[in-house]
Amino acid sequence: MSAAETQAAPTRDEGSLPSLAIEGSRATLRLHRPEVMNRIQPEDIAEILRLLAAVEADPAVRVLVIASTGRAFSAGAHLGAMAQQAAGGAAEPSHGFEEFVDRVEMLRIPTIARLHAGVYGGSTDLALACDFRVGTPAVRMFMPAARIGLHYYETGLRRYVSRLGFNHAKRLFMLAEEQGAEELLRIGYLTDLVEPEALDARIDAIAARLGELAPLAVQGVKRSINEIGHQALDLAALGARIAEAKASEDLREGLRAFKEKRKPVFQGR
């Protein structure tokens with residue numbers, strides 16, 4: 001046996017599947033592939049969809065944070081898998097990237113993207129699908145679709161246009177240039193920009209605030225605003241959400257608390 005055979009080349013640790021932790025009214029979905037910039041592999045998508053279903057089924061959960069560690073928040077889809085599919089003419093996986101990002105956007109509860117570092121590729125859309133995007137000066141972002149010859153999927157294009165506007169969407173997609181944190185705040189990609197040491201405190205504050213507000217109102221308005229953003233407002237469903245909130249114990253508790261000059265305690269559904 002040769003020395004080359006006895007000393008196998010080191011391999012990069014590609015991490016593990018995403019995890020979900022629930023504490024009080026807050027759930028945290030965490031990516032676990034820091035050595036490969038938290039890219040999202042096909043098996044991760046299936047697991048994330050399963051975890052999102054668990055979050056939806058728990059009425060006590062009122063906010064979801066998506067987080068990671070390492071050099072990047074996430075580098076998006078696994079381009080190696082995409083290249084193999086393109087070379088071999090393989091069919092799309094049963095759970096595609098678009099499906100999972102759409103699921104994040106339309107999740108019943110509010111969502112927060114914890115952007116501690118760079119966000120690239122499809123994960124720029126994942127962050128856009130969240131209701132709040134809190135970042136630090138270390139955040140860098142670019143959408144490389146034009147660099148690799150990829151025409152982006154429909155709902156991702158809609159998110160970029162509805163959230164950032166035509167001109168910013170065109171610049172980000174058609175020029176594929178890296179953007180810094182200050183510019184991302186200016187164009188509305190980041191909702192909050194804080195120093196690294198203040199990142200978790202700001203996310204905690206947003207999560208706590210969402211956890212104490214009337215869940216039917218917050219969740220209903222989230223759905224309606226998303227539908228308006230996609231020019232797909234369902235008027236019948238909007239009317240039903242308005243009626244549900246109007247008839248809810250949440251509204252009665254809110255009015256009682258206002259009258260009694262105290263903080264309301266909402267139970268939700």
Salt bridge flag under 4.0 Å for residues Glu183 and Arg186: yes

Crowding at CD, Glu182 (>12 non-hydrogen neighbours, <6.0 Å): no

Side-chain donor-acceptor pair present, Arg39, Ser74, cut-off under 3.5 Å: no

Flag side-chain contact, heavy atom, 4.5 Å: Leu64 against Pro110: no

Short side-chain to backbone donor-acceptor contact, Ser248 and Ala245, under 3.5 Å: yes

CA sep, side-chain torsions, deciding dist, call: Glu244, Arg241, salt bridge (charged side-chain N to carboxylate O under 4.0 Å, His left out): CA-CA 5 Å; Glu244 183 182 19; Arg241 289 191 291 269; over 6 Å; no

Verdict with supporting geometry, Ser162 and His230, side-chain hydrogen bond (donor to acceptor under 3.5 Å, both in side chains): CA-CA 7 Å; Ser162 66; His230 286 291; 4.9 Å; no

Min side-chain heavy-atom separation Asp44-Leu17 under 4.5 Å: yes

Trace of the salt bridge (charged side-chain N to carboxylate O under 4.0 Å, His left out) decision for Glu227 with Arg223: CA-CA 6 Å; Glu227 289 180 356; Arg223 180 83 186 195; 3.3 Å; yes

Neighbour count above 12 (heavy atom, 6.0 Å) for Glu260 CD: yes

Closest contact, heavy atoms only, Arg108 versus Val55: NH2-O, 3.7 Å

Side-chain heavy atoms of Tyr152 within contact of Asp125, under 4.5 Å: yes

same_hphob_cluster(Val221, Val104) at 4.5 Å side-chain heavy-atom cutoff: no

Smallest separation among heavy atoms of Leu52 and Arg103, with atom names: CD1-CG, 3.6 Å

Donor-acceptor contact below 3.5 Å, side chain His116 vs main chain Val139: no

Shortest non-hydrogen separation from Tyr189 to Leu115 and the atoms involved: CE2-CD1, 4.4 Å

Main-chain N/O of Val265 paired with Glu253 side-chain donor or acceptor, under 3.5 Å: yes

Salt bridge present between Arg158 and Glu105 (N-O < 4.0 angstrom): no

Side-chain donor-acceptor contact under 3.5 Å, Arg62 with Gln219: no

Whether Tyr120 and Phe142 hold their rings parallel, tilted or perpendicular, with breakpoints at 30° and 60°: tilted

Arg209 atom CZ, over 12 foreign heavy atoms within 6.0 Å: no

For Leu31 against Pro18, the heavy-atom pair lying closest together: CD2-CG, 4.2 Å

Student check: side-chain heavy atoms of Arg26 and Asp204 closer than 4.5 Å: yes

Sole candidate of Thr124, Ile187, Asn167 that passes side chain to side chain contact (heavy atoms under 4.5 Å, CB included) when paired with Leu172: Ile187

Donor-acceptor contact present, side-chain Arg159 to main-chain Leu128, <3.5 Å: no

Close side-chain approach of Ile66 to Ile112, heavy-atom, < 4.5 Å: no

Common cluster, Met143/Leu190, ILVMFWY with side-chain heavy-atom separation under 4.5 Å: yes

Salt-bridge present (Arg33, Glu43; N to O < 4.0 Å): yes

Shortest non-hydrogen contact from Pro196 toward Pro137: CD-CD, 4.1 Å

Short side-chain to backbone donor-acceptor contact, Thr155 and Asp102, under 3.5 Å: no

Crowding at CD, Glu23 (>12 non-hydrogen neighbours, <6.0 Å): no

Check: Arg147 side chain, Ala176 main-chain N or O, donor-acceptor pair, under 3.5 Å: yes

Any donor-acceptor N/O pair, Asn38 side chain to Ser68 backbone, under 3.5 Å: no

Polar side-chain atom of Lys222 near backbone of Leu107 as donor-acceptor pair, under 3.5 Å: yes

Any residue meeting salt bridge (Lys or Arg N to Asp or Glu O under 4.0 Å) with Arg133, in chain and number order, not counting sequence neighbours: none

Heavy-atom closest pair, residues Arg114 and Phe73: O-CD1, 3.3 Å

Side chains of Val61 and Ile22 in contact at under 4.5 Å (non-hydrogen atoms): yes

